[in-house]
S.K.: 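Before we start, here is the structure in question, set down as structure tokens.
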Amino acid sequence: QVQLVESGGGSVQPGGSLRLSCTTSGITRRNFYMAWFRQAPGKEREGVAVLNRRDNWTSYVDSVKGRFTVSQDNAKTTLYLQMNSLKPEDTAVYYCAAGPLVNLGYRFREGSYAHWGQGTQVTVSS
């Protein structure tokens with residue numbers, strides 16, 4: 001059974017940084033994709049970063065390119081999202097997701113991932 005548990009959320013001023021973690025268990029397939037999504041109040045959940053567990057290939061949505069970095073530890077049990085130069089519009093609940101991802105073109109779509117964490121709140125405000 002795949003389990004994902006996020007941590008590291010909190011409140012930060014604009015321009016600040018946070019690092020989110022997602023501890024995983026039960027993932028046995030090497031060619032699994034991990035992703036970070038976020039959902040702001042009143043908005044749909046959107047994918048922001050994707051990583052391939054096998055080769056560390058990454059992809060980012062345009063709004064976070066150059067500011068966010070997704071990575072995993074050497075044991076491939078923890079996924080990270082380093083967020084720098086945070087903006088008020090980054091405020092959201094951030095979710096970790098995992099799945100085999102058959103079509104890379106759908107990598108930022110919520111329906112592409114079968115497994116989800118419970119989410120962690122990130123608030124960017126002065």
Side-chain angles (χ1 to χ4, degrees):
Q1 181 179 355
V2 175
Q3 291 188 324
L4 309 174
V5 179
E6 301 96 335
S7 62
S11 295
V12 64
Q13 293 186 340
S17 298
L18 278 176
R19 188 176 80 158
L20 305 183
S21 299
C22 173
T23 302
T24 72
S25 61
I27 299 177
T28 58
R29 293 179 58 173
R30 292 185 65 198
N31 193 25
F32 234 51
Y33 286 80
M34 305 293 299
W36 287 99
F37 281 73
R38 66 186 180 186
Q39 188 167 21
K43 294 188 177 181
E44 294 186 353
R45 193 173 296 188
E46 65 165 346
V48 297
V50 176
L51 176 141
N52 185 320
R53 291 180 78 245
R54 182 185 63 185
D55 60 10
N56 288 305
W57 172 88
T58 60
S59 181
Y60 301 90
V61 69
D62 286 347
S63 61
V64 307
K65 281 181 181 177
R67 301 189 299 122
F68 290 12
T69 303
V70 60
S71 63
Q72 64 179 344
D73 67 338
N74 289 335
K76 302 183 189 295
T77 59
T78 304
L79 183 74
Y80 301 103
L81 184 67
Q82 177 67 43
M83 305 185 294
N84 299 328
S85 301
L86 283 162
K87 305 175 181 179
E89 51 263 44
D90 295 318
T91 295
V93 177
Y94 283 71
Y95 298 90
C96 175
L101 193 59
V102 176
N103 188 333
L104 275 179
Y106 297 159
R107 61 192 180 277
F108 293 124
R109 294 191 183 186
E110 185 177 357
S112 295
Y113 300 88
H115 309 285
W116 292 84
Q118 82 289 350
T120 186
Q121 176 71 46
V122 171
T123 302
V124 185
S125 173
S126 55

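Only heavy atoms go into these numbers, but all of them, side chains included; no hydrogens, no water, no symmetry mates. This chain uses plain numbering: 1 for the first residue, then up along the sequence. What you are looking at is a predicted structure, and each value in this text was computed from that prediction instead of being measured.
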S.K.: If you look at every heavy atom in R67 and L86, which pair is closest and at what distance?
M.R.: NH1-CA, 3.9 Å
S.K.: Looking at S112 and L101, what are the two nearest heavy atoms and their distance?
M.R.: CB-CD1, 3.6 Å
S.K.: Yes or no on side chain to side chain contact (heavy atoms under 4.5 Å, CB included) for T23 and T77, after CA distance, side-chain angles and deciding distance?
M.R.: CA-CA 6 Å; T23 302; T77 59; 5.8 Å; no
S.K.: Would you say P100 and F32 make side-chain contact, with heavy atoms under 4.5 Å?
M.R.: yes
S.K.: To the nearest 0.5 Å, how far apart are CE in M34 and NZ in K76?
M.R.: 11.5 Å
S.K.: Return the orientation label for the Y94 and F68 ring planes: parallel under 30°, perpendicular over 60°, tilted otherwise.
M.R.: tilted
S.K.: Can you tell me if CD on E44 sees more than 12 non-hydrogen neighbours from other groups inside 6.0 Å?
M.R.: no
S.K.: Show the nearest heavy-atom pair for residues A92 and Q121, with the distance to one decimal.
M.R.: O-NE2, 3.5 Å
S.K.: Of all heavy-atom pairs between S17 and S85, which one has the smallest distance, and what is that distance?
M.R.: OG-N, 4.4 Å
S.K.: Between atom CD1 of I27 and atom CD of Q1, what is the distance when rounded to the nearest 0.5 Å?
M.R.: 12.0 Å
S.K.: Is a donor on one side and an acceptor on the other found under 3.5 Å between the side chain of Y80 and the backbone of T69?
M.R.: no
S.K.: Which distance, rounded to the nearest 0.5 Å, do you find between the CD of Q39 and the CD of E110?
M.R.: 7.0 Å
S.K.: May I have the step-by-step check of side chain to side chain contact (heavy atoms under 4.5 Å, CB included) for M83 and V48, ending in yes or no?
M.R.: CA-CA 11 Å; M83 305 185 294; V48 297; over 6 Å; no
S.K.: Quick one, P88 and P14 - any side-chain contact, counting heavy atoms below 4.5 Å?
M.R.: yes
S.K.: For the pair T24 (side chain) and T78 (backbone), establish whether a donor and an acceptor sit closer than 3.5 Å, ignoring hydrogens and angles.
M.R.: no
S.K.: Where do V50 and R107 come nearest, in terms of heavy atoms and distance?
M.R.: CG2-O, 3.5 Å
S.K.: Are any of the side-chain heavy atoms of V61 and R38 separated by less than 4.5 Å?
M.R.: no
S.K.: Out of curiosity, S25 OG to L4 CG, how far, rounded to the nearest 0.5 Å?
M.R.: 7.5 Å
S.K.: Looking at every non-hydrogen atom in both residues, tell me the closest pair between W36 and L79 and how far apart they are.
M.R.: NE1-CD2, 3.3 Å
S.K.: I need the T120 OG1 to Q118 CD distance, nearest 0.5 Å.
M.R.: 7.0 Å
S.K.: Does T91 reach the main-chain N or O of V124 with its side chain, forming a donor-acceptor pair under 3.5 Å?
M.R.: yes
S.K.: If you measure from the Lys or Arg side-chain nitrogens to the Asp or Glu carboxylate oxygens, is any gap between D90 and K87 under 4.0 Å?
M.R.: no
S.K.: Give a yes or no on whether Y113 and W57 share a hydrophobic cluster (residues Ile, Leu, Val, Met, Phe, Trp, Tyr; joining criterion: side-chain heavy atoms under 4.5 Å apart).
M.R.: yes
S.K.: Give the intermediate values and the outcome of side chain to side chain contact (heavy atoms under 4.5 Å, CB included) for residues Y95 and E6.
M.R.: CA-CA 7 Å; Y95 298 90; E6 301 96 335; 3.9 Å; yes
S.K.: Between L104 and F37, is there shared hydrophobic-cluster membership here, with clusters defined by ILVMFWY side-chain heavy atoms closer than 4.5 Å?
M.R.: yes
